[in-house]
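The structure under discussion appears below in the form of structure tokens.
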2 protein chains.
Amino acid sequence: MSLDPDMFPSYCPSSVPVRIGDKWTGMVIRCLEGGPRRFGELRVPLRRVTPKVLTETLRAMERDGLVTRTAHDENPPRVVYELTGLGRGLLPLIDAVGTWCENNLDALLRARERHQGLRPTAPAMQ
Amino acid sequence: MSLDPDMFPSYCPSSVPVRIGDKWTGMVIRCLEGGPRRFGELRVPLRRVTPKVLTETLRAMERDGLVTRTAHDENPPRVVYELTGLGRGLLPLIDAVGTWCENNLDALLRARERHQGLRPTAPAMQ
DNA sequence: CGGTATCCCATTTGATACTG
DNA sequence: CAGTATCAAATGGGATACCG
């Protein structure tokens, strides 16, 4: 059986950039799992994220309807992010990835280490 | 309840670059679902992939123990890629992403379109 | 507090041409 | 057939400083 040339339609996840595979979106979703969070709160577990990148991430998520952004008109300002139903629907996926990693990351890392020295593209070693 | 600063350990999927979120790996896995495939076979459904990028993708997958590469010493050459058990274990994840997209991509795209005109970072419109 | 504004770098992806 | 080689473009992510 040969592969279908139209196996991957044009709206494939890889064509339409649905940003779950980026560096921070998955972690942001998990941060919001327990309820609404402020910008500053998110920066705590997301230790290495810069404000610029966190803003970009949240704006993209807001644009895609994964989170809502609510700015309370107070002083000092208070901005709260919350998962939408759409965003919440991604939690099982995030968790599935996490579970896979827990179960298989060791094997993957071992495989990666094994292929350190040997780089012969030659016909399989005997 | 405040967020745990150590919520994301250093071996988090985002820290150790496990390449499933890249452009082609997921699709390659699905191409190999039905059994071993040759390099040229993979290029058919993966229409827009260049040989260079497909090679890079396959090499990375091989290094991580997701596929095996078997070069038969014939003329013309014949090279066959096959999913390992580790790689096969990713199929449920890939499928879950696919299912999510089938069910929610429309909603996401609509949300994205809605946020086209309006870019006010202002306190929620009345 | 919740961001912006710049500037910069690394990685990823692609176009094109060529080869054992 | 199954790749390499070379070059270029795009994207993502980050460092640093500043602002209402």
Side-chain angles (χ1 to χ4, degrees), chain A residues 2-3 8 12-28 31 36-44 46-63 67-82 119-124, chain B residues 2-3 8 12-28 31 36-44 46-63 67-82 119-124:
Chain A
S2 61
L3 293 174
F8 301 109
C12 179
S14 301
S15 320
V16 179
V18 178
R19 305 166 39 110
I20 342 171
D22 72 344
K23 184 160 181 181
W24 300 104
T25 299
M27 285 188 273
V28 168
C31 287
R37 297 288 178 184
R38 302 176 62 169
F39 187 87
E41 279 184 291
L42 295 173
R43 296 187 64 182
V44 177
L46 272 25
R47 294 166 176 278
R48 317 290 270 139
V49 78
T50 61
K52 175 201 163 211
V53 172
L54 181 55
T55 300
E56 287 170 354
T57 303
L58 288 166
R59 291 280 191 276
M61 294 176 71
E62 188 194 4
R63 185 199 57 173
V67 298
T68 57
R69 175 182 182 279
T70 310
H72 296 89
D73 201 0
E74 303 169 1
N75 197 299
R78 187 164 63 92
V79 178
V80 175
Y81 294 90
E82 184 169 14
R119 281 281 93 203
T121 308
Chain B
S2 61
L3 294 173
F8 301 109
C12 180
S14 301
S15 319
V16 179
V18 178
R19 304 167 37 110
I20 340 173
D22 72 342
K23 184 160 183 180
W24 300 104
T25 299
M27 286 189 272
V28 168
C31 287
R37 296 289 178 183
R38 301 177 62 169
F39 188 86
E41 279 185 291
L42 296 173
R43 295 186 64 181
V44 178
L46 272 26
R47 295 165 174 281
R48 316 290 272 140
V49 78
T50 61
K52 177 200 161 213
V53 172
L54 181 54
T55 300
E56 286 170 355
T57 303
L58 288 166
R59 291 278 191 278
M61 294 176 71
E62 189 193 4
R63 185 198 57 174
V67 299
T68 56
R69 176 183 183 277
T70 310
H72 297 88
D73 201 359
E74 303 169 1
N75 198 298
R78 187 165 61 93
V79 178
V80 175
Y81 294 91
E82 184 168 15
R119 283 279 93 206
T121 307

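With sequence neighbours excluded, the residues satisfying side-chain contact (heavy atoms from CB on, under 4.5 Å) with B:Val79 are B:Arg69, B:Ala71, B:Tyr81. Listed by chain and residue number, B:Val80, B:Glu82 satisfy the side-chain contact (heavy atoms from CB on, under 4.5 Å) test with B:Pro36 (two or more places apart in sequence, or in another chain). B:Arg38 is linked by a side-chain hydrogen bond (donor to acceptor under 3.5 Å, both in side chains) to nothing, counting only residues two or more places apart in sequence or in another chain. Under the side-chain hydrogen bond (donor to acceptor under 3.5 Å, both in side chains) criterion, B:Glu56 pairs with no residue, sequence neighbours left out. Contacts of A:Arg48 classified as salt bridge (Lys or Arg N to Asp or Glu O under 4.0 Å), with partners at least two apart in sequence or in another chain: none.
Between B:Met27 and B:Lys23, the closest heavy-atom pair is CE-O, 3.4 Å. Nearest heavy-atom pair, B:Leu3 versus A:Val44, reported as atom, atom and distance to 0.1 Å: O-CG1, 4.3 Å.
Following rounding to the nearest Å, B:His72 (NE2) and D:dG3 (C1') show an atom-to-atom distance of 17 Å. Rounded to whole Å, atom P of C:dG2 lies 9 Å from atom CZ of A:Arg78. In this entry the distance linking CZ of A:Arg43 with C1' of C:dG2 reads 9 Å, nearest Å. Straight-line distance from the CG atom of A:Leu58 to the P atom of C:dT4: 10 Å, rounded to whole Å. At whole-Å resolution of the value, CG in A:Asn75 and P in C:dG3 are 14 Å apart. Between B:Asp22 atom CG and D:dT11 atom C1' there is a gap of 14 Å when expressed in whole angstrom units. Rounded to a whole Å, the CD atom of B:Glu74 is 13 Å from the P atom of D:dC1. Between A:Glu62 atom CD and C:dG2 atom C1' the separation is 14 Å, expressed in whole Å.
In this structure, CZ in B:Arg43 is found 8.0 Å from OG1 in B:Thr50, a value given to the nearest 0.5 Å.
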Could I get a table of every N or O pair under 3.5 Å where one atom is in the protein and the other is in nucleotides 18-20 of chain D?
none

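Across all strands, B:Arg48 comes closer than 4.0 Å to no nucleic acid atom at all (heavy-atom distances).
For the helix from C:dC1-D:dG20 to C:dG20-D:dC1, the end axes, each set by the C1' atoms of five terminal pairs, are bent relative to each other by 50° (nearest 10°).
B:Leu46 has its side chain within reach of B:Cys31: a pair of non-hydrogen atoms, C-beta onward, lies under 4.5 Å apart. For the pair B:Val49 and B:Leu42, the minimum side-chain heavy-atom distance is 4.5 Å or more. Inter-residue side-chain proximity for B:Phe39 and B:Leu54 is flagged as met; some heavy-atom pair is nearer than 4.5 Å.
At D:dT4, one or more side-chain N or O atoms of B:Arg59 fall inside 4.0 Å of OP1 or OP2 (strictly under the cut-off). The phosphate of D:dC1 has neither OP1 nor OP2 within less than 4.0 Å of any side-chain N or O from B:Arg38. Residue B:Arg69 has a polar side-chain atom (N or O) positioned under 4.0 Å from OP1 or OP2 of D:dG3.
Within residues 49-57 of chain B, the residues approached by DNA chain D to less than 4.0 Å at the level of any non-hydrogen atom are B:Pro51, B:Lys52, B:Thr55, in residue-number order.
Side-chain atoms of B:Lys23 lie closest to C:dT13 of the nucleotides C:dT13, C:dC1, D:dA2.
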